[in-house]
Colleague: 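Shown below is the structure under consideration.
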Amino acid sequence: MEFDWPEEALAFRKEVSAFLDHELPAWWDIGVNTLTAEAGSPHHEFCREFCAKLAQHGYLTPHWPAEYGGREAGAWELFALTEVLSACGDPRGQQYMNVNWIGPAIMRYGTPEQKRHFLPKMSRGEIQFCQGFSEPDAGSDLAALRTTAIRDNDEYVVNGQKVWTSYALTADFCFLLVRTSPGSRGPTGISVLLVPMNLPGLIARPIPNIMDHGFCELFFDELRVPVSSRLGPEDDGWAVAMDALTFERIGMARFARALRLLDELIGRLRRSGEMSRPGTAERIGRAIAACHAARAVAYRVIDARARSLPPGPEGNVARLASNWAEQFAVDAIFELSRDAVETGSLADGALRSALPSGHATGSVEVNLGIIAKRLLGLKGEA
Amino acid sequence: MDTALDGTQEAILGAVGNLLAKHRSVDGSVLKRDPEYACDLERELAEAGFLDVVTSGGSYLDAVLIAELVARELPVLPIGWRTILWPALHCEVWPLVPWKAGTGGPVRFGDSARGVLVIDEERDTVAIVDIGDCEVRSAGAAWGYPIAELRPRVEGRSLAIAAADCMALWRLSLAAEIVGAAGAAFDHTVQYIKDRKQFGRPIGGNQAIRHRAARLAVEVEKARYLTYEAAWRAPDPEMAAAAATVAASMAEFVFQEAHQMHGAIGYTREFPLHRWTMRLRVLGKELGGAVAHGIAVTGAHAAAG
């Protein structure tokens, strides 16, 4: 056991940090999480352009194989990149999920034509996906999804509804889970479709929310897509989706962003002479410690990935540790900032953007259930 | 970066485990009211070289792994101080109790010590005071360690080590012992909820218990891996204080949850759980507990810029 970062990852971290210091504009505000920035906001527009710039410098898909626009950077370099980008509010915006798991899923399951069509553009930061997973009656129990895609010669006819679809208004394509086997239930009979967002029969409506996040609901009404837009085998798309999600083992480095926000808070409280207020140093210190702990358990996940080991429950531990560290940190920031309830303040952005972390990547309770079963060996209800 | 034990670490822990098994006594499952310092075990561990790995080619991480394993067995031995703090002092006096200047209250092993290590962070001085130059008042051993209040009467002989380094190594040793004792208490609890049946099935099958056990697992893992990383970066003051912070809050959490999940059997003297949990509270509040460690994290973090 040892905890030295690989040299190339340290060097890469330094390089990307320097690039971001130089390239992020002065108005860039780390308090605004790009993932929750409103569609059409300056942050959001900026992300799209910035992804192209990241791509030019090899910072968008360094972990991809050379033939698709990467250089097969290792797991530690990718982790360093994730930490550095997360720390400054992730200027990739929604693109992070394309490069981390949708792209790799197309590499593994795509036809030669799909690979040619999607991967170079994704690697250049030119196209963005949203994910059509949740439905009104299929949340944590995702396999209860009911949206259908019925085969009609060489087309699928899609009918149904998706909900909580982030970024649907700005996405070019949807990674869509549908039921292709009529009457099937549970994880069998599901397929993955890669659907353009601009087709007739697909309507995206924003869902106003307290995070001002680009949540949408999608309605499919006799939407026709060619059979060639299916990713992977028909009726076996559940395995494709689950496998795809394992490409991204820890998700966003929420603890890294929380640490950066805490630094910002410390700077402000020092300038205003408030660091010595009772309880301040304690609360901040405990939040910093929680962030360090979240990083320490994430090391195990990255280590497993670097060694090509199958993902285990340590990933669920790392996710929860990261989510809770962020919650602890934003609660501290909100409590300790005088201007917390002012719209657009650091604390306002921090708290609101951290809100969905307990649901966005599988609910806390689903993660706890997996830990109980797979790490502790407890039999029983999830 | 490698988060699994290497061959040498496995061999060391295997050998330490054998030694501990040899010393495991029949009545070891009960917390003694008049605990005796484990002189024989300490001597054998020292003779085999396990207490001085830091100064004989090993790392602080190796020392932390040893301290964690020994703390699981709960011998009456300040294993963290001995393996992690003491080697850095290059002094002859042992047992030696670290003591933070300006703080009061009883400390572990206060009446077993030959000397007191007085750490003054404000003046950045570290000194050794012979036990003969201290007032010592015994404070019992209800919480699993012999406890005494100390009051050094003289300044003592100064040591050439920074006060901050001493504090970092102290916090690291504390975190290592908490991770050991809490890890054992937690493992015991997981086994108990698998075995204990009510309403015709193991209580660990109930979601209310499963989720709470999983939360505990996350906290134990966080403290464990942060302590390992802090050991690798020792004597980094921020990492050591962070490890102590997370470990001390986890100690409280494990204490409450382990006892709640065990029910009344957990606080009987015939059942071994209390051996770990009682000690967890002593360890959890040493040096002021998570509150004081948290303040130290902020101090070190701000100082590092």
Side-chain angles (χ1 to χ4, degrees), chain A residues 1-6 9 75-76 259 262-263 266 270 275 279-304 306-307 313-314 316-321 324-325 364-365 367-373 375-382, chain B residues 1-6 9 59 61-62 65 186 190 193-194 201-202 204-207 209-219 221-233 238-239 241-247 249-250 290-302 305:
Chain A
M1 185 184 288
E2 53 93 1
F3 291 86
D4 281 335
W5 278 78
W76 291 103
L259 262 182
L262 288 165
D263 278 335
I266 291 172
R270 271 180 161 177
M275 261 316 270
T280 302
E282 178 213 337
R283 189 134 190 214
I284 292 175
R286 295 180 80 154
I288 292 172
C291 292
H292 286 318
R295 185 197 293 113
V297 288
Y299 287 152
R300 297 187 67 205
V301 184
I302 308 304
D303 190 28
R307 290 167 206 283
E314 70 276 357
N316 307 90
V317 170
R319 263 174 207 279
L320 292 180
W324 289 335
V364 166
E365 289 72 18
N367 281 288
L368 289 173
I370 294 170
I371 292 167
K373 183 177 172 187
L375 186 65
L376 305 181
L378 294 171
K379 299 189 182 86
E381 52 185 300
Chain B
M1 195 86 75
D2 184 354
T3 58
L5 298 176
D6 64 33
Q9 288 161 341
S59 66
L61 178 54
D62 298 335
L65 291 167
F186 177 61
V190 171
I193 62 177
K194 286 178 184 172
R201 62 173 182 176
N206 300 320
Q207 197 178 55
I209 299 289
R210 295 162 59 76
H211 282 193
R212 280 163 59 190
R215 272 182 187 266
L216 276 179
V218 174
E219 296 308 315
E221 291 283 280
K222 275 165 60 182
R224 175 174 287 138
Y225 282 90
L226 182 56
T227 300
Y228 293 164
E229 189 191 2
W232 190 252
R233 314 212 185 286
E238 181 177 342
M239 293 302 287
T245 305
V246 174
S249 358
M250 177 272 276
V291 169
H293 299 312
I295 292 170
V297 171
T298 302
H301 184 79

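Chain letters run A, B, ... following the sequence lines, proteins first and then strands; every chain starts at 1. For the numbers below, each heavy atom of this structure counts, side chains included, while hydrogens, waters and symmetry mates do not.
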Colleague: Distance check, rounded to the nearest 0.5 Å: B:H211 atom NE2 versus A:N367 atom CG?
Modeller: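 Rounded to the nearest 0.5 Å, the NE2-CG separation comes out at 9.5 Å.
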Colleague: For A:I266, which atoms come within 4.5 Å of any heavy atom of chain B: side chain, backbone, both, or neither?
Modeller: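 When you check distances to chain B, only side chain atoms of A:I266 fall under 4.5 Å.
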Colleague: Ignoring hydrogens, what is the shortest heavy-atom contact between A:A289 and B:V246? Give both atom names and the distance.
Modeller: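 The pair with the smallest heavy-atom distance is O-CG2, 3.7 Å.
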Colleague: Using a 4.5 angstrom heavy-atom cutoff, name the option from B:A243, B:A214, B:A242 with the most pairs to chain A.
Modeller: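 Going by pairs under 4.5 Å, I would pick B:A214.
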Colleague: Judged by atom type as modelled, is there a donor-acceptor pair below 3.5 Å linking the side chain of B:Q9 to the main-chain atoms of A:M1?
Modeller: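 Present.
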Colleague: Between B:V297, B:L226, B:T3, who has the most heavy-atom pairs with chain A when the cutoff is under 4.5 Å?
Modeller: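 Top count of heavy-atom pairs under 4.5 Å with chain A: B:T3.
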Colleague: With a 4.5 Å limit on heavy-atom distance, are the side chains of A:D263 and B:H301 in contact?
Modeller: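 A:D263 reaches B:H301 side chain to side chain.
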Colleague: At a 4.5 Å cut-off on heavy atoms, which part of B:A4 comes close to chain A: side chain, backbone, both, or neither?
Modeller: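 Interface part for B:A4: backbone (N, CA, C, O).
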Colleague: Counting heavy-atom pairs under 4.5 Å with chain A, which one of B:R233, B:K222, B:E229, B:M239 comes out on top?
Modeller: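 The answer is B:E229.
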Colleague: If only atom types and distance count, is the side chain of B:K194 paired as donor or acceptor with the main-chain N or O of A:L376 below 3.5 Å?
Modeller: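 Yes, the answer is positive, given that a donor and an acceptor are paired below the 3.5 Å cut-off.
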Colleague: Chain A heavy atoms under 4.5 Å from B:R224: which part of the residue, side chain, backbone, both or neither?
Modeller: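 For B:R224, there is no contact with chain A at all, as no heavy atom is under 4.5 Å.
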Colleague: Give, for atom CD of A:E365 and atom CZ of B:R210, the distance between the pair rounded to the nearest 0.5 Å.
Modeller: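 Answer for the CD-CZ pair, A:E365 versus B:R210, is 13.0 Å.
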Colleague: Determine the option with the most heavy-atom pairs under 4.5 angstrom with chain B, choosing from A:K379, A:M275, A:E282.
Modeller: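 The option with the most such pairs is A:E282.
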Colleague: Got a second to check how far B:E221's CD is from A:E314's CD, nearest 0.5 Å?
Modeller: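 The CD atom of A:E314 is 9.0 Å from CD of B:E221, to the nearest 0.5 Å.
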Colleague: Counting only non-hydrogen atoms closer than 4.5 Å, does B:L61 touch chain A with its backbone (N, CA, C, O), its side chain (CB onward), both, or neither?
Modeller: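 For B:L61, the side chain is the part near chain A, not the backbone.
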Colleague: Would you check if B:T298 and A:R283 make a side-chain contact, meaning some heavy-atom pair closer than 4.5 Å?
Modeller: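 Not touching, per the 4.5 Å side-chain cut-off.
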Colleague: Among A:N316, A:L375, A:I371, A:V297, which one satisfies side-chain contact (heavy atoms from CB on, under 4.5 Å) with B:V218?
Modeller: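 Among A:N316, A:L375, A:I371, A:V297, the one meeting side-chain contact (heavy atoms from CB on, under 4.5 Å) with B:V218 is A:I371.
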Colleague: Side-chain donor-acceptor pair under 3.5 Å between B:E238 and A:H292, yes or no?
Modeller: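 A pair is found: one side chain offers a donor N or O, the other an acceptor, under 3.5 Å apart.
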Colleague: Would you say A:R286's side chain and B:H293's backbone share a donor-acceptor pair under 3.5 angstrom?
Modeller: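 The answer is no, because no donor-acceptor pair under 3.5 Å joins these two groups.
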Colleague: Within a 6.0 Å radius of atom CZ on A:R270, are there more than 12 heavy atoms belonging to other residues, nucleotides or ligands?
Modeller: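 Result for CZ/A:R270: open.
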Colleague: In terms of heavy-atom pairs under 4.5 Å with chain A, which of B:V291, B:L65, B:D62 leads?
Modeller: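 The option with the most such pairs is B:V291.
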Colleague: Specify which of A:D303, A:I284, A:L320, A:V317 makes the most heavy-atom pairs with chain B at under 4.5 Å.
Modeller: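 Most heavy-atom pairs within the cutoff with chain B belong to A:D303.
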Colleague: Work out which heavy atom in B:A213 is nearest to a heavy atom in A:L378; give both atom names and the distance.
Modeller: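 Smallest interatomic distance, heavy atoms only, reads CB-CD1, 4.1 Å.
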Colleague: Can you tell if the side chain of A:W324 reaches within under 4.5 Å of the side chain of B:R215, non-hydrogen atoms only?
Modeller: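 Answer yes - side chains close enough.
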